[in-house]
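Keep in mind it's a predicted model, so treat the numbers as computed, not measured. In the text below, chain A, chain B and the rest are named by the order of the sequence lines, each starting its count at 1.
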There are 2 protein chains.
Amino acid sequence: MRVEGQHYRTIWPTDDGVAVEIIDQTRLPHEFATVRLENLQDAAVAIKNMLVRGAPLIGATAAYGVALAMSAESSDAALEQACTTLAATRPTAINLRWALARMKDLLLPLASENRAQAAWQEAAAICDEDVKNNRALGEHGSKLIRDKLEAKGEPVNILTHCNAGWLATVDWGTALAPIYTAFDAGIPVHVWVDETRPRNQGASLTAWELQQHGVPHTVIADNTGGHLMQHGMVDMVIVGTDRTTACGDVCNKIGTYLKALAAFDNQIPFYVALPGPTIDWSLDDGVRDIPIEQREAEEVTRIRGRTDEGEIVTVTLTPHGSPAANYAFDVTPARLVTGLITERGVCPASRKGLLGIYPEQAR
Amino acid sequence: MRVEGQHYRTIWPTDDGVAVEIIDQTRLPHEFATVRLENLQDAAVAIKNMLVRGAPLIGATAAYGVALAMSAESSDAALEQACTTLAATRPTAINLRWALARMKDLLLPLASENRAQAAWQEAAAICDEDVKNNRALGEHGSKLIRDKLEAKGEPVNILTHCNAGWLATVDWGTALAPIYTAFDAGIPVHVWVDETRPRNQGASLTAWELQQHGVPHTVIADNTGGHLMQHGMVDMVIVGTDRTTACGDVCNKIGTYLKALAAFDNQIPFYVALPGPTIDWSLDDGVRDIPIEQREAEEVTRIRGRTDEGEIVTVTLTPHGSPAANYAFDVTPARLVTGLITERGVCPASRKGLLGIYPEQAR
């Protein structure tokens, strides 16, 4: 999508073909800066420290991380080590494991001297497929928005949580792809943007994306959505996911479950947008089985912002010595999900629903 | 309660008897400072700018605001103007209206020259009654915690939202009174403290209170409670309220409704602690009829904290130009409330339940 009018993806190989460039998302919305990843370690740190985040983009970055590793040393041991290092960066997003498995399955049978080139090609293919998937799910999802407009005759109010926009993917986004597609088609939309504490991906990334693209939006505290839904100010919720089980349980940024409960209580459709690689066909019960990453307490007790003088500083919010806990994700049971928006269409959040559009996954 | 070992109330007349002193709650948790209110305008500004906040403390401050006004000028017109000025400071807390009506009903029949003294006495009486109510509801509520301890045999985990501690009242608090009472009686408790964006009363006030008193606690983002409840890490929720209807609908800080939904979904008891004056006997349907205050967008887009150098600064969190909305309260329907903890005991959140303990309110 566009930044100051210029088209960007979130990750791309450099012109010299030996490195990868990314947007440093920890510096948004106050600074737009790109960072060059030169080797495996750079890629692992970029994922771990969330310079890149969002399940699809984590997968794409991991794929390029393998390519960077193969350029340096393409032995079986090096491939194994690259995959192990990258897999350890974040525990929840399934796309990370999916991308690493795909790279390993492709590269391991190849002769060592052919691996680097194949890895770069495969990483690029993963990126292109992500963009293609997101465009397709954007088309499917935008029909839901159009239907709502036709039923209502007024701008459609959509609530989203965290950032599942183009910054979370290679381009277009998941939850925001239907919104961009609808907006570009002239459908009047307005987005309620949950700020998404503790890391504020909504206030910093989603708001920034939408503003760059000109989509009307309003930032709200995460506490606000229930009240808006009680008063008819939300027509639908669309969120992304870091991992969705074969039964349709949805793991996403902490707080998603609370919005799903409120949507259900107020009979407001709650949709989850995801490309196929985000589905974990090996799991059924998401609440029981998906590992939930715990991050540093400092993400809760401290926050970064811009002073009136334009300086970026981190300030402490809590009393000295008060401990904090930081669970990064929660799981929304399938019973609260109205539908899954995928690149193959919209389906019910159930095993039957998912197998209806991914029949090749039937065991 | 205690601050650095010394006992404080949140509001008290100065020794010279001509002014009132309060704790400036906007400077917590980083600075403990008191402020002297000299006149009606000082009191109105203290409420409006939230130097004092919390429904019972707003009521007490308004009562002292009337007393300050009467000391300056005790005509009917001055009394009327004082009540009008103070009533306009915050729209949602019912205690504000209750305290002003009580002061006016007492003072209007009196001769002008007797009003000042009577006003100071009545404001002090309102404060003393608040403390007495809160101690009583603390006793009733602590039994629920003791029962849970006996059933469980391990420390009781209680989640609270916003600040309904002693800082929200004259002393002891509402939601925290049962917790302080239980803790002082040797019952092992641990409190999950919702930070409570956008003003962070949980992270700044509740955490500070609990730490000063030595109560084990952990600060969490508002998004976290649902996940904790899904995983058995919350035994009960106790919150305060700014206004509860005659049918038991509970208006409280924005986001309370989301926690009530999660508690209900996970069969966790959800209690609301309130003294009698917080009940609005004139209203039934809280979602429809309670006015919800909208505050400045800046409370969402900007936040105050302490730099590593110890300076208190305000930083901007959102992209330049992204609008924000700031609804301060929401309403939790009575169907989601397990019980109301009052100074007269614990009752169901229903008209029948409330009239059972407040029979004098039967119409």
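Taking 4.5 Å as the limit, some side-chain heavy atom of A:I254 sits within range of a side-chain heavy atom of B:H227. Side-chain contact between B:H231 and A:Y327 is absent, with no heavy atoms from C-beta onward closer than 4.5 Å.
Of the atoms belonging to A:I312, not a single heavy atom falls under 4.5 Å from chain B. Neither the backbone nor the side chain of B:R199 comes within less than 4.5 Å of any heavy atom of chain A. Interface residue B:F329: only backbone heavy atoms are found under 4.5 Å from chain A. If you measure heavy-atom distances from B:D222 to chain A, the contacts under 4.5 Å come from both the backbone and the side chain. With a 4.5 angstrom heavy-atom cutoff, B:L258 touches chain A via backbone and side-chain atoms both.
The nearest pair of heavy atoms linking A:H217 to B:S322 is NE2-OG, 2.7 Å.
Residue B:E31 qualifies as enclosed at atom CD: its count of foreign heavy atoms under 6.0 Å is above 12. By the 6.0 Å contact criterion, CZ on A:F264 is open, its count of non-hydrogen atoms from other residues, nucleotides or ligands being 12 or less. Heavy atoms from other residues, nucleotides or ligands lying under 6.0 Å from CD of B:E4 number 12 at most.
Chosen from B:L261, B:L28, B:T256, the residue pairing most often with chain A at heavy-atom distances under 4.5 Å is B:L261. Most heavy-atom pairs under 4.5 Å with chain A, from the set B:L317, B:D330, B:I220: that is B:L317. Taking chain A as the reference chain and counting heavy-atom pairs below 4.5 Å, the highest number among B:P198, B:G226, B:S204 is found for B:G226. Comparing A:A328, A:A203, A:G321 by heavy-atom pairs within less than 4.5 Å of chain B, the highest count is held by A:A203. Note: B:A221 leads B:A221, B:P333, B:P216 in heavy-atom pairs under 4.5 Å with chain A. Each of B:T307, B:L228, B:V313, B:T224 has some count of heavy-atom pairs under 4.5 Å with chain A, and the biggest count is that of B:T224. Counting heavy-atom pairs closer than 4.5 Å to chain A, the top-ranked of the candidates B:R304, B:K253, B:H161 is B:H161. Put simply, of A:P319, A:G202, A:G305, the one with the most heavy-atom pairs under 4.5 Å next to chain B is A:P319. Looking only at heavy-atom pairs under 4.5 Å with chain B, the residue among A:G225, A:P323, A:G255 that has the most is A:P323.
In this structure, OH in A:Y257 is found 3.5 Å from CG in B:D265, a value given to the nearest 0.5 Å. In this structure, OG1 on B:T318 lies 9.0 Å from CG on A:N200, to the nearest 0.5 angstrom. Separating the NE2 atom in B:H30 from the OG1 atom in A:T316 is a distance of 7.0 Å, to the nearest 0.5 Å. Taking CG of B:N326 as the reference point, atom OG1 of A:T218 lies at 12.0 Å (rounded to 0.5 Å). Taken to the nearest 0.5 Å, the CD atom of B:E195 stands 4.0 Å off from the CZ atom of A:R197.
Heavy-atom neighbours of chain B within the stretch residues 288-302 of chain A, taken at a separation under 4.5 angstrom, comprise A:I292, A:V300, A:R302.
Checking side-chain atoms of A:Q230 against main-chain N and O of B:T332 turns up no donor-acceptor pair under 3.5 Å.
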